[in-house]
2 protein chains.
Amino acid sequence: MASPLPPLQTFQLNDFRLQCGATLPEATLAYRTHGALNADRSNAIVYPTSFAVTDADVAWLIGPGRILDPERYFIVALNMFGAGVSTSPSDMARDPGTGRFPSFSHVDNVTAQHALMTERFGVDRLALAYGWSMGAQQALHWAALFPHRVERVFAVCGAARTSVHNWVFLDGVRAALTADPAWDGARFTAHPERGLRAMGRIYAGWAFSQSFYRERAFERLGHADVESYLAAVWEPNFLRRDPHNLLSLIDTWQRCDISANDVFGGDLDRALGAITARVVHMAADTDLYFRARDIRAEAGRIPNGEYAELRTVWGHRAGNPDGSPGDEAAIRDAVERLLAR
Amino acid sequence: MASPLPPLQTFQLNDFRLQCGATLPEATLAYRTHGALNADRSNAIVYPTSFAVTDADVAWLIGPGRILDPERYFIVALNMFGAGVSTSPSDMARDPGTGRFPSFSHVDNVTAQHALMTERFGVDRLALAYGWSMGAQQALHWAALFPHRVERVFAVCGAARTSVHNWVFLDGVRAALTADPAWDGARFTAHPERGLRAMGRIYAGWAFSQSFYRERAFERLGHADVESYLAAVWEPNFLRRDPHNLLSLIDTWQRCDISANDVFGGDLDRALGAITARVVHMAADTDLYFRARDIRAEAGRIPNGEYAELRTVWGHRAGNPDGSPGDEAAIRDAVERLLAR
């Protein structure tokens with residue numbers, strides 16, 4: 001977005017009961033709207049955030065000629081719980097009994113988002129739920145838990161259930177972050193610089209494909225060598241985040257399973273089968289943790305699901321293609337085709 | 001090996017000059033021999049170790065009917081420098097000037113191994129240099145630096161040059177290990193339990209393929225769930241190692257380039273082209289860091305190089321197929337065919 005961002009707004013939820021059992025007397029969902037809701041309220045798009053970003057970090061793809069067009073759609077960019085903008089450990093009290101922060105699930109995220117869209121905006125039915133990575137997980141939760149509310153889903157590089165391997169990748173990140181001297185076994189007593197830097201370096205190996213590095217694509221992004229790329233991009237990317245928030249988000253991601261709730265009782269087929277929206281479930285062929293094979297399998301179990309694939313060296317990051325015009329064009333065109341149906 | 005291991009032996013190298021410029025007044029190469037050298041000394045196999053293991057840890061594949069047969073071959077299992085058996089940081093002095101340990105390269109490893117084989121055993125020509133992972137890197141160094149000494153190479157899941165992506169993976173591991181509170185910026189002041197546990201969990205995500213976890217193959221190995229698998233196998237795997245040795249090995253691996261020496265001056269094509277041995281360069285199709293594509297490309301640049309591929313969910317670990325009988329059979333058969341040529 002070349003133009004300044006619209007103002008950040010908030011929606012209060014009182015006595016908001018989380019899936020983990022805790023009740024938050026006041027939960028805040030922070031969001032930003034781009035574009036205008038039309039008269040019959042039929043042009044709303046929800047765009048929930050991905051891991052360790054704010055909605056502002058991923059607003060670049062909203063704009064005329066970009067993936068989400070605010071001249072035609074009313075785009076509501078939604079900050080996940082735990083990411084430091086909506087209610088998050090950084091502004092919460094710990095449970096006095098356990099000493100822990102309550103755990104957020106994507107059920108909590110989409111329940112709050114659903115309340116916002118229906119109560120504040122009077123939107124009965126979304127034109128589209130769009131998301132990348134953990135955002136795709138939320139978009140799919142929307143469609144499974146509120147099937148009558150969702151006309152279409154565009155999920156890119158995300159899955160309805162976090163795979164075991166993805167869980168292992170995340171657990172390595174979690175273990176590195178909590179290896180930091182500032183971790184006392186329950187909380188960080190200072191900003192964990194070492195752990196956050198390590199997290200960035202680990203993440204860098206997973207977020208792109210091996211071929212991204214083979215082609216030295218970081219040079220095209222302006223970095224002289226791989227070490228300076230990691231130091232300039234990946235370390236700061238996490239150094240500026242709150243570490244308790246990162247642990248909260250990792251927890252949400254590790255436990256993500258669209259069927260792990262009272263509605264579906266752990267039956268993934270039933271959860272995917274409950275989706276009535278037209279779904280494009282798009283993978284990147286080189287994604288190292290949301291694997292194309294897993295996404296294809298899920299797409300085949302969604303009644304109106306369609307599998308699509310990006311051919312790219314950008315790996316998982318192809319789904320947030322800032323800097324990868326080819327992937328952006330492929331996503332934009334696929335979104336446009338979906339919205340035309 | 002059901003039978004007890006042969007005794008560990010040592011070979012002393014005096015005033016051993018390392019590629020980094022340091023000279024070790026006394027370096028020790030620790031090895032174990034399996035089987036007997038024949039009369040014309042034509043049946044010797046070198047089997048250098050892989051990352052973070054001793055030769056004993058990977059001796060299981062030596063035995064009648066296994067990959068390396070001690071009834072027909074004289075197998076010399078060689079401990080890499082830095083791994084705690086041959087000369088390693090755990091028994092070395094730091095450089096008084098820099099406060100650092102000298103850096104080991106695979107040139108150093110194979111130079112010492114070459115001295116052992118020629119001086120102690122009078123072996124002019126190896127029947128085979130066999131290695132997995134960093135062991136494969138050493139086997140390829142043997143063939144490039146001592147082409148007249150090597151009849152055959154079997155390199156499985158390893159490359160002559162560490163790829164940029166592999167470097168990034170290793171740098172994440174290094175960063176996690178040194179995130180530990182015991183790291184003071186130059187050394188560990190205590191055993192870094194947190195860092196080593198984190199290292200194990202990170203490694204677990206890379207060492208096997210995503211499909212290994214998708215299939216829950218750890219259950220077939222006797223583990224109830226993925227968390228207990230990581231806790232029972234991957235954490236102890238590194239907790240028992242010396243952390244300075246691990247950093248030394250990571251350094252050797254990160255800098256591995258068969259051409260980065262005075263002989264080849266950085267010209268990889270020339271280094272690969274200098275190999276006269278018959279080489280089987282075998283990849284695993286699902287290896288996440290020694291990628292099949294890279295190995296295939298290297299094989300094509302070795303005059304008598306042949307590319308082979310394991311089809312497996314075991315990823316990188318398929319090349320050390322303890323627990324994967326299908327991969328073991330494929331490697332054993334390919335080694336047998338190579339030795340028959």
Using the ring of each side chain (for Trp, its six-membered ring), is Trp206(B) parallel, tilted or perpendicular to Trp206(A), with breaks at 30° and 60°? parallel
Most chain A-contacting option - heavy-atom pairs closer than 4.5 Å, from Leu177(B), Asp180(B), Leu196(B):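 With the most close heavy-atom pairs to chain A, the winner is Asp180(B).
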Between Val168(B), Asn166(B), Val173(B), Leu230(B), who has the most heavy-atom pairs with chain A when the cutoff is under 4.5 Å? Val168(B)
Which residue out of [options] racks up the most heavy-atom pairs below 4.5 Å with chain B?
options: Ala179(A), Gly200(A), Gly172(A), Gly205(A); result: Ala179(A)
options: Arg293(A), Arg197(A), Glu227(A); result: Arg293(A)
options: Gln210(A), Arg174(A), Glu193(A); result: Gln210(A)

Between Arg201(A) and Ala175(B), which heavy-atom pair has the shortest distance, and what is it? CD-CB, 4.0 Å
At a heavy-atom separation under 4.5 Å, does Tyr203(B) approach chain A through its side chain, its backbone, both, or neither? neither
Given a strict heavy-atom distance threshold of 4.5 Å, which part of [X] is in contact with chain B: side chain, backbone, both, or neither?
X: Asp294(A); value: both
X: Trp183(A); value: both
X: Leu288(A); value: both
X: Tyr229(A); value: neither
X: Ser211(A); value: side chain

With a 4.5 Å limit on heavy-atom distance, are the side chains of Phe218(B) and Val164(A) in contact? yes
Taking atom CZ of Arg100(A) as the centre, does the number of heavy atoms from other residues, nucleotides or ligands within less than 6.0 Å exceed 12? no
What do you reckon, is CZ of Arg240(A) surrounded by more than 12 foreign heavy atoms closer than 6.0 Å?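 Count over threshold, so yes.
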Within this structure, what is the CH2-CG distance for the pair Trp234(B) and Asp171(A), rounded to the nearest 0.5 Å? 14.0 Å
